[in-house]
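As structure tokens, the structure follows; a few thoughts come after it.
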Amino acid sequence: MRVLRRGDGGPAVAEIHATLAALGLLPPVNGHAPVFDEAMEHAVRSFQQQRGLITDGMVGSTTYRALRDATYQLGARPLAFMVSAPVSGDDVLHLQEKLLELGYDAGRPNGVFGAQTESALRGFQRDYRLTVDGICGAETVRALRQLSPRARGGRPVLLREQERVRKAGPRLRGKRIVIDPGHGGHDRGASVTGIHEADLMYDLARLLEGRMVATGMEALLTRGPGQCPDEAARAHFANEEGADLFLSLHSDGNASPLAQGLATFHFGTVHGTSSTLGETLAGFIQRELAVRTRMLNCGTHPKTWDVLRLTRCPAVRVEVGYVTNAEDRARLSDPGFRDLVAEGIVVAVKRLYLLGENDQPTGTFTYEDVLRHELAKAE
Ligand SMILES: [Zn+2]
């Protein structure tokens with residue numbers, strides 16, 4: 001196309017003027033045909049700056065394409081993969097970002113509808129029981145809009161997270177874990193006869209911190225003994241610290257003194273989109289602790305609690321026994337038992353980073369094995 005600049009007029013200039021007006025960079029046309037004047041040149045420069053284009057105030061083919069792309073809003077037209085003439089636009093970019101957010105690998109979001117965008121879209125349509133046609137039409141747009149931007153899960157997420165863990169390597173050294181002792185301060189948690197969940201979990205967190213640090217990991221606690229940040233603050237702390245893992249420690253309480261046992265929770269909804277590394281880690285922790293402590297195994301479960309939902313890294317919450325159960329309480333009150341729990345958790349975390357390469361049976365991989373492995377790899 002001919003490069004348009006200040007002083008030009010005609011239908012092409014009118015079209016560009018209308019686009020800049022629609023983007024809010026120029027006031028709407030007031031009757032007569034617009035000319036490429038100083039105000040329009042200024043608007044073009046602003047647009048170019050926003051988009052990272054060369055800021056020359058003229059409209060050549062690159063700026064023209066970018067202007068046209070900017071006018072497309074998701075849902076305004078159907079989107080599909082066309083091999084000979086790929087569709088581009090801000091609507092495509094928006095679609096790619098949505099798919100990525102939901103865990104579908106649409107590739108780098110570049111605003112061009114390519115083969116990878118199509119396969120990600122088909123995956124989404126399949127999982128959400130829509131017509132699997134690879135076309136982003138009204139039905140798909142509606143489904144995308146209804147989903148919370150924080151929704152996570154799906155196999156692609158698992159694969160990408162696994163890839164990240166594989167790349168991070170099997171060593172614990174240099175990895176950062178945020179340990180979250182539940183409750184604290186005035187909130188004592190489940191309590192019976194002077195024994196409080198908040199204190200037990202703080203002590204467990206310190207034991208775990210010591211063992212984690214000895215392996216070369218960085219360990220951070222979400223609270224001091226007298227503090228009780230809310231759940232969202234604990235999650236944000238982990239995000240701000242760039243945690244690789246988040247581990248929340250609790251003990252349960254129940255009106256029935258018979259309720260007892262060990263359970264582990266990870267992020268997930270009942271719809272089954274919970275296959276994340278959080279789930280994998282929850283499984284390792286639950287198995288190691290069940291075998292080592294011989295507590296009643298109450299299994300792993302998906303939950304949408306804030307500490308699991310708002311953390312960006314794999315996050316797990318363990319409920320180590322019931323303070324309200326005499327048997328569990330006696331064990332929890334024993335520092336040796338808490339140390340056993342800490343050891344089991346370190347081994348479970350190590351197993352996560354080994355990605356199944358270590359086939360030692362659950363409960364037999366010791367803390368000394370972990371340290372030996374760390375030292376051997378350090379050489
Ligand atoms: Zn609790």
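As the structure is a prediction and not an experimental result, all values here were calculated from the model. Each residue takes its place number in the sequence, starting with 1.
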inquiry  = Name the residue from R211, R292, R331, R206 that meets the salt bridge (charged side-chain N to carboxylate O under 4.0 Å, His left out) definition with D339.
reply    =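 Per the salt bridge (charged side-chain N to carboxylate O under 4.0 Å, His left out) rule, the option paired with D339 is R211, out of R211, R292, R331, R206.
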Determine whether a donor-acceptor pair (N or O, by modelled atom type, separation under 3.5 Å) exists between the side chain of [X] and the backbone of [Y].
X	Y	value
Q96	V112	yes
E97	H94	no
Q48	M58	yes
H17	V13	no
E240	A235	no
E374	L172	yes

I need the minimum non-hydrogen distance between [X] and [Y], along with the two atoms involved.
X	Y	result
T293	V341	CG2-CG2, 4.1 Å
A263	H301	CB-CD2, 4.5 Å
V323	R329	O-NH1, 2.8 Å
L23	A70	CD2-O, 3.8 Å
A315	T311	CB-OG1, 3.2 Å
A243	V178	CB-CG2, 3.6 Å

ask   = Which pairs, with at least one residue in residues 78-91 and sequence neighbours excluded, count as a side-chain hydrogen bond (donor to acceptor under 3.5 Å, both in side chains)?
value = R51-D90, D69-S88, R77-D91
Presence of salt bridge, [Y] and [X], under 4.0 angstrom:
X	Y	value
D56	R5	no
D244	R176	no
D37	R6	no

Does any non-hydrogen side-chain atom of [Y] lie less than 4.5 Å from one of [X]?
X	Y	result
V349	M217	yes
M40	I16	yes
L95	L79	yes
V370	E343	no
Y202	L221	yes
L289	M295	no
Y367	T215	yes
F246	V307	yes

How many angstroms lie between atom [atom1] of [X] and atom [atom2] of [Y], to the nearest 0.5 angstrom?
X	Y	atom1	atom2	answer
T63	R45	OG1	CZ	11.0 Å
R234	N239	CZ	CG	14.5 Å
L200	R338	CG	CZ	5.5 Å
E241	E218	CD	CD	9.0 Å
L26	F47	CG	CZ	12.0 Å
R317	F267	CZ	CZ	15.0 Å

query = For I179, which of L220, L245, L207, L208 qualifies under side chain to side chain contact (heavy atoms under 4.5 Å, CB included)?
reply =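 With I179 as partner, side chain to side chain contact (heavy atoms under 4.5 Å, CB included) holds for just one option, L208.
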Taking atom types as modelled, find out whether [X] and [Y] have a side-chain donor-acceptor pair closer than 3.5 angstrom.
X	Y	answer
T140	Q125	yes
E197	S251	no
Y64	E15	yes
E319	T264	no
H196	H183	no
E139	T131	yes

message = Under 6.0 Å from the ring centre and within 45 degrees of the ring axis: does the NZ or CZ of K350 meet both conditions for the six-membered ring of F365?
response =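 Pair K350/F365 does not count as cation-pi.
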inquiry  = side-chain contact (heavy atoms from CB on, under 4.5 Å) for F36 and L4? Distances and angles first, verdict last.
reply    = CA-CA 8 Å; F36 203 133; L4 299 167; 4.1 Å; yes
key: Trace of the side-chain contact (heavy atoms from CB on, under 4.5 Å) decision for N297 with Q286   = CA-CA 8 Å; N297 188 340; Q286 182 67 19; 2.6 Å; yes
inquiry  = Show, in sequence, the C-alpha distance, side-chain angles and deciding distance for T55 and Q49, and conclude whether the side chain to side chain donor-acceptor pair (under 3.5 Å) test is met.
reply    = CA-CA 6 Å; T55 311; Q49 211 158 26; 5.1 Å; no
Stepwise side-chain contact (heavy atoms from CB on, under 4.5 Å) check, S191 with T324 = CA-CA 7 Å; S191 299; T324 45; over 6 Å; no
In this structure, would [X] and [Y] fall into the same cluster of hydrophobic residues linked by side-chain contacts under 4.5 Å?
X	Y	value
Y72	L20	no
I135	L121	no
L99	Y128	yes
L340	Y322	no
I195	L332	yes

message = Quick one, D180 with F237, criterion side-chain contact (heavy atoms from CB on, under 4.5 Å). Give me CA distance, side-chain angles, the key distance, then yes/no.
response = CA-CA 10 Å; D180 174 44; F237 173 75; over 6 Å; no
